[in-house]
Amino acid sequence: MNPFSYQLAPNANTAIDLAKAGNASRYLGGGTNLVDLMREDIERPDMLIDITQLPADIEPRPDGGLLIGAAAKNTALAADSYVRAAFPLLTRSILAGASAQIRNMATVGGNILQRTRCRYFYDDAARCNKRHQGDGCDARDGFNRYHAILGASSSCVATHPSDMSVALAALDARLHLKGTIGLRSMPLMDLHRLPGERPDIETDLQPNELITAVEIPPLPFARRSTYRKVRDRASYAFALISVAAAIDIDEAGKVRDVRLALGGVAHKPWRALKAEAALKGEPATVESFRAAAEAELAAAVALKDNGFKIELAKRTIVAVLDELKGEAA
């Protein structure tokens, strides 16, 4: 591992100034698996900036929304009484991720910015366009059971590992950002990029820009929501498929509104906009749920080991929506 300097930043302004002066390539606390990547000699930053002093408040808003400081710990967010009541899918997504020890240390900002767990990205003997643009992608013809079925490219088929980010995508979360260009915000859905020809460029963050907070707008029907993660073992495993969903059913039994996002399927948390559009105004039936799932997965492309994920995603969408319909009844 190359030598590096370490700096504690008591606030966002200091972190930005240190990054500009020291040519830091990553922030400590700004990517949950950074230390793992340094240990494997995949990441070689010149400087680590400890940004764990950023705001960690979990603040319900008068309109029913929520503001979450980027340094809030995952465990604290999952256990918050307002989150559990107003956004149960968020609590369940966090509890489905990693282990209790990791959740106790991981921050909300770090969770969002964690990098793929693709085994070929971690193996410096393998070809990986994410590590070295133009090298190729050994995952395409290698063991790719866990890899993408939506939004992939010839350059990269990795998936984003965050469970929490899938729930945040379903909730229309927005990110508060601070950097050398000042303050701005963006939808979480717009943060992570699909790989295209440049999988090494993973987000639309600007240089020396920080996530300072996550804002969830009010969504009253999110009280009827859930998160389901399908994986190979019960704990400490990444999703084969995950579904975050909230549904609003009117008195006639039709879908008034719905939010749906998928994990384990793409380079980013995947908002299922086609399925949502297909469901609105339709009867809340298994047949409608299946038709919506078919619409969303119509563009899915299987690799040699992950074709099962297409049908698994469809069945999981149907099962989750049917479960929520039962709660509504």
* To do: For the pair Val255 and Asp248, evaluate side chain to side chain contact (heavy atoms under 4.5 Å, CB included) and give the outcome as yes or no after the intermediate values.
  => CA-CA 6 Å; Val255 178; Asp248 184 20; over 6 Å; no
* Derivation and outcome, side chain to side chain contact (heavy atoms under 4.5 Å, CB included), residues Leu260 and Leu273 -> CA-CA 7 Å; Leu260 196 63; Leu273 295 173; over 6 Å; no
* Report the C-alpha distance between Ile247 and Lys325 in whole Å, list the side-chain angles of each, state the deciding distance to 0.1 Å, and finish with yes or no for side chain to side chain contact (heavy atoms under 4.5 Å, CB included). => CA-CA 8 Å; Ile247 194 167; Lys325 173 193 172 184; 5.9 Å; no
* To do: Determine, step by step, whether Ser185 and Arg174 satisfy the side-chain hydrogen bond (donor to acceptor under 3.5 Å, both in side chains) criterion, reporting the C-alpha distance in whole Å, the side-chain angles of both residues, the deciding distance to 0.1 Å, and the verdict.
  => CA-CA 7 Å; Ser185 70; Arg174 293 190 67 86; 3.0 Å; yes
* **Test log, rule side-chain hydrogen bond (donor to acceptor under 3.5 Å, both in side chains), inputs Thr14 and Asp17** => CA-CA 5 Å; Thr14 304; Asp17 290 341; 5.7 Å; no
* Decide yes or no on salt bridge (Lys or Arg N to Asp or Glu O under 4.0 Å) for Glu294 and Arg315, but give the supporting numbers first. => CA-CA 10 Å; Glu294 294 280 358; Arg315 294 188 182 191; over 6 Å; no
* To do: May I have the step-by-step check of side chain to side chain contact (heavy atoms under 4.5 Å, CB included) for Arg256 and Glu251, ending in yes or no?
  => CA-CA 10 Å; Arg256 183 159 39 212; Glu251 296 78 6; 3.9 Å; yes
* To do: For Arg127 and Asp138, run salt bridge (Lys or Arg N to Asp or Glu O under 4.0 Å): C-alpha distance rounded to whole Å, both residues' side-chain angles, the deciding distance at 0.1 Å, then the answer.
  => CA-CA 5 Å; Arg127 296 181 305 153; Asp138 278 348; 2.7 Å; yes
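None of Ile241, Ile149, Asn306 except one satisfies the side-chain contact (heavy atoms from CB on, under 4.5 Å) rule with Leu312; the exception is Ile241.
Nearest heavy-atom pair across Leu240 and Lys309 is O-CE, 2.9 Å. Closest approach of Leu8 and Leu18 over heavy atoms only: O-CD1, 4.3 Å. Ala139 and Cys118 make their closest contact through CB-SG, 4.3 Å (heavy atoms, listed as atom of the first residue, atom of the second, distance). Nearest heavy atoms, Val265 versus Trp270: CG2-CB, 3.7 Å. What you find for Ala152 and Cys156 is that their closest heavy atoms are CB-O, 3.7 Å. Among all heavy-atom pairs drawn from Thr212 and Ala12, the shortest one is CG2-CB, 4.2 Å.
At distances below 3.5 Å, at least one donor-acceptor pair connects side-chain atoms of Ser153 with backbone N or O atoms of Gly196. Ser165 contributes no side-chain N or O that, together with a main-chain N or O of Pro269, makes up a donor-acceptor pair within less than 3.5 Å. Gln53 places no side-chain N or O within donor-acceptor distance of the main-chain N or O of Asn11, the cut-off being under 3.5 Å. For Lys304 (side chain) and Gly142 (main-chain N/O), a donor-acceptor pair under 3.5 Å exists by modelled atom type. The backbone N or O of Phe238 sits nowhere less than 3.5 Å from a side-chain atom of Arg231 that would complete a donor-acceptor pair. With hydrogens and angles ignored, the 3.5 Å screen pairs no side-chain donor or acceptor of Arg228 with any backbone N or O of Val243. The closest donor-acceptor contact from the side chain of Lys280 to the backbone of Val258 lies at 3.5 Å or more, if one exists at all. With hydrogens and angles ignored, the 3.5 Å screen pairs no side-chain donor or acceptor of Ser155 with any backbone N or O of Pro199. Between the side chain of Arg117 and the main chain of Ala158, no donor-acceptor pair closer than 3.5 Å is present. Using a distance-only test at 3.5 Å, with no hydrogens or angles considered, a donor-acceptor pair links the side chain of Arg233 to the main chain of Tyr236.
Note on Val83: it clusters hydrophobically with Ile68, by side-chain heavy-atom contacts below 4.5 Å among ILVMFWY residues. Both Leu171 and Val214 belong to a common hydrophobic cluster when Ile, Leu, Val, Met, Phe, Trp and Tyr are linked at side-chain heavy-atom distances under 4.5 angstrom. Phe308 and Ile310 fall within the same hydrophobic cluster, where Ile, Leu, Val, Met, Phe, Trp and Tyr residues are linked whenever their side-chain heavy atoms come under 4.5 Å apart, directly or through other members. The hydrophobic clustering, which links ILVMFWY residues whose side-chain heavy atoms are closer than 4.5 Å, places Leu95 and Val320 apart. In the hydrophobic cluster analysis, where Ile, Leu, Val, Met, Phe, Trp and Tyr join through side-chain heavy atoms closer than 4.5 angstrom, Leu177 is grouped together with Ile216.
Using a 4.5 Å heavy-atom cutoff, the side chains of His147 and His267 are not in contact. With a 4.5 Å cut-off on side-chain heavy atoms, Met164 and Leu90 count as touching. The shortest distance between side-chain heavy atoms of Leu67 and Ile58 does not fall below 4.5 Å. Residues Met105 and Gln101 form no side-chain contact, since every pair of their non-hydrogen atoms from C-beta on lies 4.5 Å or further apart. With contacts defined as side-chain heavy-atom distances shorter than 4.5 Å, the pair Arg103/Lys73 does not qualify. At a threshold of 4.5 Å between non-hydrogen side-chain atoms, the residues Asp36 and Arg39 count as touching. A heavy-atom distance below 4.5 Å is found between the side chains of Leu150 and Leu297. Counting heavy atoms from C-beta outward, Ile211 and Leu113 have side chains that approach closer than 4.5 Å.
Donor-acceptor pairing under 3.5 Å is lacking for the side chains of Tyr120 and Asn129. With 3.5 Å as the limit, one finds a donor-acceptor pair spanning the side chains of Ser162 and Asn111. Tyr146 and Asp305 form no side-chain donor-acceptor contact under 3.5 Å, judged by distance and modelled atom types alone. Of the N and O atoms on the side chains of Arg92 and Thr226, at least one donor lies less than 3.5 Å from an acceptor on the other residue.
Applying the side-chain hydrogen bond (donor to acceptor under 3.5 Å, both in side chains) test to Asn104 and every residue at least two apart in sequence or in another chain returns Thr75.
Between Glu282 and Lys254 there is no salt bridge, since no side-chain nitrogen of the basic residue lies less than 4.0 Å from a carboxylate oxygen of the acidic one. Using a 4.0 Å cut-off between a side-chain N of Lys or Arg and a carboxylate O of Asp or Glu, Arg198 and Asp200 qualify as a salt bridge. Using a cutoff of 4.0 Å between basic side-chain nitrogens and carboxylate oxygens, Glu43 and Arg115 are scored as salt-bridged. The residues Asp172 and Arg259 are annotated as salt-bridged, a charged nitrogen and a carboxylate oxygen being separated by less than 4.0 angstrom. For the pair Glu202 and Arg131, the salt-bridge criterion is not met [side-chain N within less than 4.0 Å of a carboxylate O]. Salt-bridge check for Arg61 with Glu59: passed, with a basic side-chain N closer than 4.0 Å to an acidic carboxylate O.
For Asp232, the CG atom is densely surrounded, since the number of other residues' heavy atoms within 6.0 Å is greater than 12.
Atoms CD1 and CG, from Ile102 and Asn74 in turn, are 10.0 Å apart once rounded to the nearest 0.5 Å.
Applying the ring pair (Phe, Tyr, Trp, His ring centres under 6.0 Å) test to pairs two or more places apart or on separate chains, those with a residue in residues 187-227 are His160-His192.
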